[in-house]
A.B. asks: 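Structure provided below as structure tokens; questions to follow.
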Protein chains: 2
Amino acid sequence: MVSLKDIAKQAGASPSTVSFVLNGKEKEMRISSPMAEKIKEVARKEGYQPNRVAVSLRTGKSKIIGLMVDTIAGSFFASLARIIESEADAFGYKIIYCSTGNDVVKGKELIRTLHQSHVDGYLIIPTAGMESDINKLMEAKKPVVLMDSYFAGTTVPYVLVNNFDGVSKGITHLINKGYKKICFVCNDIPLIQMKERIRGYTQTLQENNIEVNKQLILETKYGGKREEVVNEIASFLAATKPQAVMFAANYLGVYGLESIKQLQLKIPEDIAVVCFDDHEIFNLHHPGITSVKQPAEEIAKVAIDILMGEMKVKKKSKQQQLQLEATIIERSST
Amino acid sequence: MVSLKDIAKQAGASPSTVSFVLNGKEKEMRISSPMAEKIKEVARKEGYQPNRVAVSLRTGKSKIIGLMVDTIAGSFFASLARIIESEADAFGYKIIYCSTGNDVVKGKELIRTLHQSHVDGYLIIPTAGMESDINKLMEAKKPVVLMDSYFAGTTVPYVLVNNFDGVSKGITHLINKGYKKICFVCNDIPLIQMKERIRGYTQTLQENNIEVNKQLILETKYGGKREEVVNEIASFLAATKPQAVMFAANYLGVYGLESIKQLQLKIPEDIAVVCFDDHEIFNLHHPGITSVKQPAEEIAKVAIDILMGEMKVKKKSKQQQLQLEATIIERSST
DNA sequence: ATCATTTGCAAAATCGATTTAGTAAAACTA
DNA sequence: TAGTTTTACTAAATCGATTTTGCAAATGAT
């Protein structure tokens, strides 16, 4: 690899002069234009590329953003990742992905690794138990933006869908279609977004003068085996016999469809279905499954914007904590 | 951040001594055990973590592997990524993901960025036009392993499914079920794996004494809009009226199911379906779609193994270029 | 003509580790 | 006891950039 020193030697200049010129400080450092031209010429000819590791060591900046997610396989992540990558690229930043696999210990380790690797900023989809680590990052003045969830009462910036309103839209849609006995299937993730979704369910029913029956809420174990969850949902639906069901997450919807298939129920005749968070499968399924779609692209864009503000790459956004609107996609399941 | 120098000061030793001890070279450098213990004690107490950037600059090693894929959203990638990450972790390596979005220019840029970031090794799912860049990496003696595809006639190590045999298994399965008029839907990616899949189709038919009719092969444009491809497949199937169809990639299968839905054909009564490369949707679909599953986990493991061999982290694998067996998953579509 | 500025660049310090070369003191040898 | 070897470290060079300080030569002011 050709180094700055090599360029200096070839151009008959000192390394400092070369650095000034190639970093656009020739005016400021009053380098003569013949000298500057010579240096640029040599650098171009030799295809000089600065050693990012050296730059990072000296400047303390890596131009890299760490993106931590629970699982890299999810479809929500997939839609986020593409946008985040291209948005970051526009600011000259690269992304390092890593997944915690919903393992707190691994999450802590990863934060440490990213920290050691001197990433300039963090985009995190937090899992339970990460609050303290994230607070440490904040104390260390590291730019952090959370996505998909957040911790109540902190000043950590976040961007996520309005979970309460999203579920409310789904439930309202069902009520408007005439369904009264509506089940809700969620999981036991101890994060705020799930609480919000449950609140969206109960409160919307109340507002429509429908009595809330706790028996109609199923809280499945998060991380449970697919088969077990499918069976759990099946027996729940068999026992409660609702007119409609709303699933609180797309994977629950996918599992739920399997349960419904098992029970040989017809959608929407025997049971209407709505799911929070869209999935390709819902579109392809026969009949199509009505779902509440998260504004993934917008979330990604806003998150990067806030982060760039924190990193002083652009001017700071006024709003650091916000919830974006979900939209309902009507298909044939309701 | 606490640095090696700080530890040295606190322990009353020189930075070099601290470095020796913390890198397990105390014997070799005959550091006295009281001194060594003191240093370890201080390092532990202060929670010292070496600055990876500095280490990387000095040693030229980053303990990072670059993983380049065409798109991060694909399900094949999702299954690969998890395994690759955990396998690499076992060797103390981290993964940087990046996606080319099937853009040759972006791919070239990314290789340069990774190179500048001093990644120790490359795992690449190559796209058309990357051959020269990959050859350059090989010339520079960089450890590279290709996945999912390869370039004929080069010595670049690769791991992928046996595409020929995989398709052959699918077609054989259809023939055994009694289907004779079998269509094949593929795309125009100019990569070897697609050629192999087409060869798998034609050759298997021939071996079973079924005449190959070029009219029964549809080559869709890769990267075409979903709707257009769906319509293209629909009119193709309407025109050819086959007893069975095999799709050469899982996204084609997904699109194809939509086409079939459009045509209001019943699976498998009106048309039997097999797809190369499994997808969650095929399991959930009613009826389930028979597919040929790639051994994604094995591919990931073997790729990492070869790469570690190249990087001299473990002893070199004997075989550097290999194709793994696909397995057929029988569902109700055939 | 003399002193003060400005110009144009180079020297050297720095980031935080690793690694080679060097060096007192202790131990051993003859 | 003088010379050699071993022990137990430390000093300094190094990786490749950035950035502060320094310093002749040219220019300007009086």
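What's counted below: heavy atoms across the whole structure, side chains too, no hydrogens, waters or symmetry copies. Below, chain A is the first sequence line, B the second, and so on; all start at residue 1.
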A.B. asks: For A:Thr17 and A:Ser14, test the side chains for any donor-to-acceptor distance below 3.5 angstrom and give the result as yes or no.
C.D. replies: yes
A.B. asks: Going 5' to 3' along DNA chain C, which are the first and last nucleotides with any atom under 4.0 Å from a heavy atom of chain A?
C.D. replies: C:dT7 to C:dG16
A.B. asks: A:Phe20: what forms a ring-ring contact (aromatic ring centres under 6.0 Å, His included) with it, not counting sequence neighbours?
C.D. replies: none
A.B. asks: Quick one: ring pair (Phe, Tyr, Trp, His ring centres under 6.0 Å) pairs with a partner in residues 40-78 of chain A, sequence neighbours left out?
C.D. replies: A:Phe77-A:Tyr97
A.B. asks: Looking only at the side chains, is there a donor atom on one of A:Ser79 and A:Glu297 sitting less than 3.5 Å from an acceptor on the other?
C.D. replies: no
A.B. asks: Whole-Å distance between D:dA13 P and B:Leu57 CG?
C.D. replies: 17 Å
A.B. asks: Can any side-chain N or O of B:Glu26 pair as donor or acceptor with the backbone N or O of B:Ser33 at less than 3.5 Å?
C.D. replies: no
A.B. asks: Kindly compute the distance separating CD1 (A:Ile111) from CE (A:Met68), expressed to the nearest 0.5 Å.
C.D. replies: 5.0 Å
A.B. asks: Can you check whether A:Glu131 reaches A:Val156 side chain to side chain, under 4.5 Å on heavy atoms?
C.D. replies: no
A.B. asks: If you draw a 6.0 Å radius around NZ in A:Lys61, do more than 12 non-hydrogen atoms from other residues or ligands fall strictly inside?
C.D. replies: no
A.B. asks: Under 4.0 Å from any atom of DNA chain D, heavy atoms only: list the residues of residues 108-115 of chain B that qualify, in numerical order.
C.D. replies: none
A.B. asks: Just how far is it from atom CD of B:Gln323 to atom OH of B:Tyr158, taken to the nearest 0.5 Å?
C.D. replies: 5.5 Å
A.B. asks: Who are the side-chain hydrogen bond (donor to acceptor under 3.5 Å, both in side chains) partners of A:Ser3, not counting sequence neighbours?
C.D. replies: A:Asp6
A.B. asks: Using heavy-atom distances to pick each residue's nearest nucleotide on DNA chain D, tell me which of A:Leu4 and B:Arg58 is more 5'.
C.D. replies: B:Arg58
A.B. asks: Could you check which residues of residues 16-41 of chain B get a heavy atom under 4.0 Å from DNA chain C? Sort them by number, please.
C.D. replies: B:Ser16, B:Ser19, B:Phe20, B:Asn23, B:Lys25
